[in-house]
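See below for the structure under consideration.
The structure displayed is predicted, hence computed values, not measured ones. Throughout, protein chains are lettered first and strands after them, A, B, ... in sequence-line order, and every chain is numbered starting at 1.
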Amino acid sequence: MKLATWNVNSLNVRLAHVLKWLEENPVDVLCIQETKLTDDKFPTAAIEAAGYQVVFSGQKTYNGVAILSRLPIEDVVKNNPRYEDAQQRILAATIGGVRVVCAYVPNGQAVDTEKYIYKLGWLQSFRDWLADELAKHPNLAVLGDYNIAPEDRDVHDPAAWEGQVLCSDKERAALQALFDLGLQDSFRLFEHPEKTFSWWDYRMLGFQKNKGLRIDHILLSAPLVARCEACIIDRAPRKWEQPSDHAPVIATLVPA
DNA sequence: ATGGCAAGTAGAACTTGA
């Protein structure tokens with residue numbers, strides 16, 4: 001079973017990329033963030049024609065998440081029931097015996113701003129809700145754009161980013177609190193080249209110079225860690241014309 | 001030290017992202 005996550009930075013602009021990528025990478029589940037589409041505008045027919053069922057939760061202009069699946073999608077939950085949030089950032093569903101959570105964690109803008117405080121509060125409540133989910137669903141996979149680089153080795157220039165949003169101690173502590181639930185960063189279960197990232201700034205030739213961050217993650221509970229045989233970041237679509245600034249992350253699970 | 005790119009909303013110039 002292959003599970004993937006990709007922040008597409010507008011599904012309206014990136015639908016063709018998503019369909020092309022799925023044709024080349026027929027994963028079982030793809031979690032998408034930043035659809036930036038209200039539900040009435042969601043391209044359900046095109047995705048179903050590609051062989052995927054889909055559930056989505058969107059809004060105008062910002063945010064928006066979706067889960068695409070080749071297998072039946074059950075027990076869908078939109079948003080964190082513990083957290084009143086006008087922003088559409090969370091979808092959960094049970095697929096093939098795995099509880100899949102698709103999350104678009106707030107960006108935070110800059111340390112100590114209103115949005116940063118929102119991000120930390122959001123993550124605190126996210127942790128509490130994931131504890132509930134984990135108690136109900138031992139096979140838990142939490143995929144998404146976390147907007148946090150876990151360690152300095154996930155940052156192209158740690159000195160320049162030290163203490164900045166996406167890298168600050170409080171954000172890293174909030175991510176550690178998710179790890180402390182028993183969830184593991186599937187990427188770090190395996191060896192990778194240094195400076196492997198999942199996001200590169202559009203500006204200043206960020207991708208060409210590999211000035212990136214690793215902020216998109218697939219977290220797995222212990223029973224899924226035991227089944228995980230690979231986790232990779234696919235840089236290929238970042239090279240396509242008019243790309244998303246994020247690359248997809250894929251985890252491969254062997255059958256239970 | 002700063003801004004640089006992209007997308008959405010609008011229909012010029014802003015807000016947001018990371």
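Atom-to-atom, CG of N107(A) to P of dT15(B) comes out at 16 Å; the value is rounded to the nearest Å. Distance CG (N63(A)) to C1' (dG17(B)): 10 Å, rounded to an integer number of Å. If you measure from atom CD of Q59(A) to atom C1' of dT15(B), you get 14 Å, rounded to the nearest angstrom. Summarising the geometry, the separation between CD on Q33(A) and C1' on dT16(B) is reported as 17 Å, rounded to the nearest angstrom. The CD atom of Q88(A) sits 18 Å away from the P atom of dT16(B) (whole-angstrom rounding). L213(A) places its CG atom 11 Å from the P atom of dA18(B), with the value rounded to the nearest Å. Atom CD of Q87(A) and atom P of dT16(B) are 10 Å apart (whole Å). As a whole-Å value, the separation of E114(A) CD from dT16(B) P is 10 Å.
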Are M1(A) and I95(A) close enough, and set up right, to give a side-chain contact (heavy atoms from CB on, under 4.5 Å), and what steps lead you there?
-> CA-CA 10 Å; M1(A) 186 179 195; I95(A) 301 170; 4.1 Å; yes
Evaluate the side-chain contact (heavy atoms from CB on, under 4.5 Å) criterion for residues C167(A) and R172(A): first the C-alpha distance (whole Å), next the side-chain angles of each, then the deciding distance (0.1 Å), finally the verdict.
-> CA-CA 7 Å; C167(A) 299; R172(A) 286 177 171 173; 3.9 Å; yes
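Between Y104(A) and dA18(B), a side-chain N or O to OP1/OP2 separation shorter than 4.0 Å is present. Of the side-chain N and O atoms in N7(A), one or more sit less than 4.0 angstrom from OP1 or OP2 of dA18(B).
Look at the P atom in both dA18(B) and dA7(B): the space between them is 13 Å, to the nearest Å. Taking the P atoms as reference points, dA1(B) lies 25 Å from dT15(B), given to the whole Å. Across the C1' atoms, dC14(B) and dA10(B) are found 10 Å apart, a figure rounded to whole Å.
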Might you list the N or O atoms of the protein lying below 3.5 Å from N or O atoms in nucleotides 5-10 of chain B, with each pair's distance?
from: dA7(B); atom 1: OP1; to: R14(A); atom 2: NH1; distance (Å): 2.9
from: dA7(B); atom 1: OP1; to: R14(A); atom 2: NH2; distance (Å): 3.2
from: dA7(B); atom 1: OP1; to: Q242(A); atom 2: NE2; distance (Å): 3.4
from: dA7(B); atom 1: OP2; to: Q242(A); atom 2: NE2; distance (Å): 3.2
from: dA7(B); atom 1: O3'; to: S10(A); atom 2: OG; distance (Å): 3.4
from: dG8(B); atom 1: OP1; to: S10(A); atom 2: OG; distance (Å): 2.5

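In this structure, N147(A) reaches the sugar-phosphate backbone alone: every heavy-atom distance under 4.0 Å involves primed, P, OP1 or OP2 atoms, never a base. Residue F207(A) is classed as having no contact, given no heavy-atom separation below 4.0 Å to the nucleic acid. Counting non-hydrogen atoms under 4.0 angstrom, Q164(A) reaches nothing in the nucleic acid.
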N/O donor to acceptor pairs below 3.5 angstrom from side-chain atoms of residues 207-220 of chain A, sequence neighbours left out:
from: N210(A); atom 1: OD1; to: W200(A); atom 2: NE1; distance (Å): 2.9
from: N210(A); atom 1: OD1; to: R235(A); atom 2: NH1; distance (Å): 3.4
from: N210(A); atom 1: ND2; to: K195(A); atom 2: O; distance (Å): 3.1
from: R214(A); atom 1: NE; to: D154(A); atom 2: OD1; distance (Å): 2.8
from: R214(A); atom 1: NH1; to: D185(A); atom 2: OD1; distance (Å): 3.4
from: R214(A); atom 1: NH1; to: D185(A); atom 2: OD2; distance (Å): 3.2
from: R214(A); atom 1: NH1; to: H217(A); atom 2: ND1; distance (Å): 3.3
from: R214(A); atom 1: NH2; to: D154(A); atom 2: OD1; distance (Å): 3.3
from: R214(A); atom 1: NH2; to: D185(A); atom 2: OD2; distance (Å): 2.8
from: D216(A); atom 1: OD1; to: H246(A); atom 2: ND1; distance (Å): 3.2
from: D216(A); atom 1: OD2; to: S198(A); atom 2: OG; distance (Å): 2.7
from: D216(A); atom 1: OD2; to: H246(A); atom 2: ND1; distance (Å): 2.9
from: H217(A); atom 1: NE2; to: I148(A); atom 2: O; distance (Å): 2.9

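Summarising the geometry of I67(A) relative to C102(A), their closest heavy-atom pair is CG1-CB, 3.8 Å, with the distance given to 0.1 Å.
Applying the under-4.5 Å side-chain rule to Ile, Leu, Val, Met, Phe, Trp and Tyr, the cluster around L15(A) extends to W6(A), V8(A), L11(A), V18(A), L19(A), W21(A), L22(A), V27(A), L30(A), I32(A), L37(A), F42(A), I47(A), Y52(A), V54(A), F56(A), L68(A), I232(A), W240(A), I250(A).
Taking 4.5 Å as the limit, some side-chain heavy atom of R82(A) sits within range of a side-chain heavy atom of D132(A).
D40(A) and T38(A) share a side-chain donor-acceptor pair at under 3.5 Å.
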